[in-house]
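As structure tokens, the structure follows; a few thoughts come after it.
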Amino acid sequence: MNIYKINDIGELIKDNSYVGRGIVIGTTEDGTKAVAAYFIMGRSENSRNRVFTEKDGEIKTEPFDASKVEDPSLIIYNAVRKSDDSLIVTNGDQTDTIFDLMSEGKSFKEALETRRFEPDAPNLTPRISGILNFKDGGFSYEMSILKSIDEQGSDCCRYTFSYPSKAGLGHFIHTYVCDGNPIPTFQGEPERVKIPDSIDEFTETLWNNLNADNKISLYVRYTELATGEFEQRLINKNK
């Protein structure tokens with residue numbers, strides 16, 4: 001087993017009907033751009049009734065058809081927010097927790113110590129989060145998963161991973177291993193994946209390999225390290 005293998009993310013997800021929500025963070029092969037991607041999937045009508053909306057480089061999940069919303073508490077949230085020299089991306093309202101507590105001087109890890117996995121028994125969906133840190137033309141990133149310690153949800157395990165920028169390398173964390181009932185939660189460290197120079201290539205690889213029935217929305221952002229300027233791609237299945 002090669003623990004340093006860098007995977008093609010398309011190969012990781014193409015035969016998996018339900019990886020849930022996923023975050024990818026890394027650096028392009030030429031070393032000039034920081035990359036962040038976030039996607040959502042859904043099995044229920046309530047989960048599938050969503051779109052990403054973008055304003056000034058920040059992303060929200062919103063209902064596609066407001067009349068069909070059953071429970072907005074875990075499906076409607078800020079997914080991507082800018083905070084000083086950082087970009088926050090998460091799968092829930094912990095985005096705002098991180099933003100607010102970092103504004104008070106807390107760290108990414110400290111902010112997430114105030115949160116737990118989602119209260120959606122029996123799945124007890126993990127909260128996954130990432131942060132891209134930019135300073136003086138440099139780049140590093142952290143990823144986190146908050147997950148239940150047992151089937152009863154009696155307590156929360158918190159894992160934080162810190163990474164330097166490495167050209168061509170990214171890390172991929174997602175909420176579930178695969179489909180199931182209850183759905184098995186993600187295990188181990190974030191997976192090592194290739195990050196190409198082309199935003200369109202990466203976007204197409206992700207979108208085209210996510211399960212056609214369950215994929216909902218995808219956001220990809222490439223940030224130029226030298227200037228801070230970024231380009232982005234957003235795809236919604238619901239149009």
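Below, all heavy atoms of this structure are taken into account, side chains as well, without hydrogens, waters or symmetry copies. Numbers here are sequence positions counted from 1.
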Restricting to non-hydrogen atoms, name the atom on [X] and the atom on [Y] that form the minimum distance, rounded to 0.1 Å.
X	Y	answer
I75	T61	O-OG1, 2.7 Å
K194	P196	O-CD, 3.8 Å
S83	F99	CB-CD1, 3.8 Å
G130	I23	N-CD1, 4.1 Å
C178	I183	O-CG2, 3.1 Å
P122	P182	O-CB, 3.6 Å

Euclidean distance, [Y] [atom2] relative to [X] [atom1], rounded to 0.5 Å:
X	Y	atom1	atom2	result
S154	L124	OG	CG	10.0 Å
I195	D30	CD1	CG	12.0 Å
I76	E62	CD1	CD	7.5 Å
K109	R158	NZ	CZ	9.0 Å
L12	N16	CG	CG	9.5 Å
N209	D15	CG	CG	8.5 Å

Within the 3.5 Å criterion, strictly below it, is a donor on [X] or [Y] matched to an acceptor on the partner's side chain?
X	Y	answer
S44	S47	yes
S144	S129	no
E142	Y163	no
T175	R21	no
H174	E191	yes
N214	R48	yes
N236	S217	yes
D200	S198	no
T95	N78	no

Should we count [atom1] of [X] as having more than 12 external heavy atoms under 6.0 Å?
X	atom1	answer
E189	CD	no
E45	CD	no
Q152	CD	yes

Exercise for the section: Please assess I13 against F172 for the test side-chain contact (heavy atoms from CB on, under 4.5 Å), listing each intermediate value before the final yes or no. Expected result: CA-CA 11 Å; I13 63 178; F172 173 38; 3.7 Å; yes
Problem - With L210, the side-chain contact (heavy atoms from CB on, under 4.5 Å) member among M41, K237, K14 - result: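 Single pass found, and it is M41.
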Applying a strict under-4.5 Å side-chain criterion to I, L, V, M, F, W and Y, I'd like to know whether [X] and [Y] cluster together.
X	Y	result
L206	V19	yes
V51	V89	no
I145	Y141	yes
I235	V80	no
I59	L87	yes

Counting C-beta onward and ignoring hydrogens, is there a side-chain heavy-atom pair between [X] and [Y] closer than 4.5 Å?
X	Y	result
F64	I216	no
W207	F39	no
I25	H171	no
I98	T90	yes
L169	I6	yes
L132	V35	no
E224	F230	no
T27	F139	yes

Problem - Salt-bridge present (D179, R43; N to O < 4.0 Å) - result: yes
Practice task
Decide salt bridge (Lys or Arg N to Asp or Glu O under 4.0 Å) for K82 and D56; before the verdict, give the C-alpha distance in whole Å, the side-chain angles of both, and the deciding distance to 0.1 Å.
Solution key: CA-CA 9 Å; K82 184 81 168 61; D56 299 329; over 6 Å; no
Handout entry: Passing option when Q94 is tested against R127, E118, R116, R115 for side-chain hydrogen bond (donor to acceptor under 3.5 Å, both in side chains)
Key =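 In the set R127, E118, R116, R115, the residue that makes a side-chain hydrogen bond (donor to acceptor under 3.5 Å, both in side chains) with Q94 is R127.
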Exercise for the section: Begin with the C-alpha distance, continue with both residues' side-chain angles, and end with the deciding distance and a verdict on side-chain contact (heavy atoms from CB on, under 4.5 Å) for V69 and N49. Expected result: CA-CA 7 Å; V69 174; N49 181 36; 3.9 Å; yes
Exercise for the section: Dump the intermediate steps for side-chain contact (heavy atoms from CB on, under 4.5 Å) on I199 and V220, then the final yes or no. Expected result: CA-CA 7 Å; I199 187 173; V220 180; 3.8 Å; yes
Practice task
Report the residues that fulfil side-chain hydrogen bond (donor to acceptor under 3.5 Å, both in side chains) with R50, sequence neighbours left out, ordered by chain and then residue number.
Solution key: none
Fill in the blank from the handout: The side-chain hydrogen bond (donor to acceptor under 3.5 Å, both in side chains) partners of T125 (sequence neighbours excluded) come to D120, Y176
Practice task
Mind telling me whether F52 and Y38 have parallel, tilted or perpendicular rings, with 30° and 60° as the class edges?
Solution key: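 Aromatic pair Y38/F52 classed parallel.
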Exercise for the section: Dump the intermediate steps for side-chain contact (heavy atoms from CB on, under 4.5 Å) on L218 and L234, then the final yes or no. Expected result: CA-CA 6 Å; L218 168 67; L234 190 156; over 6 Å; no
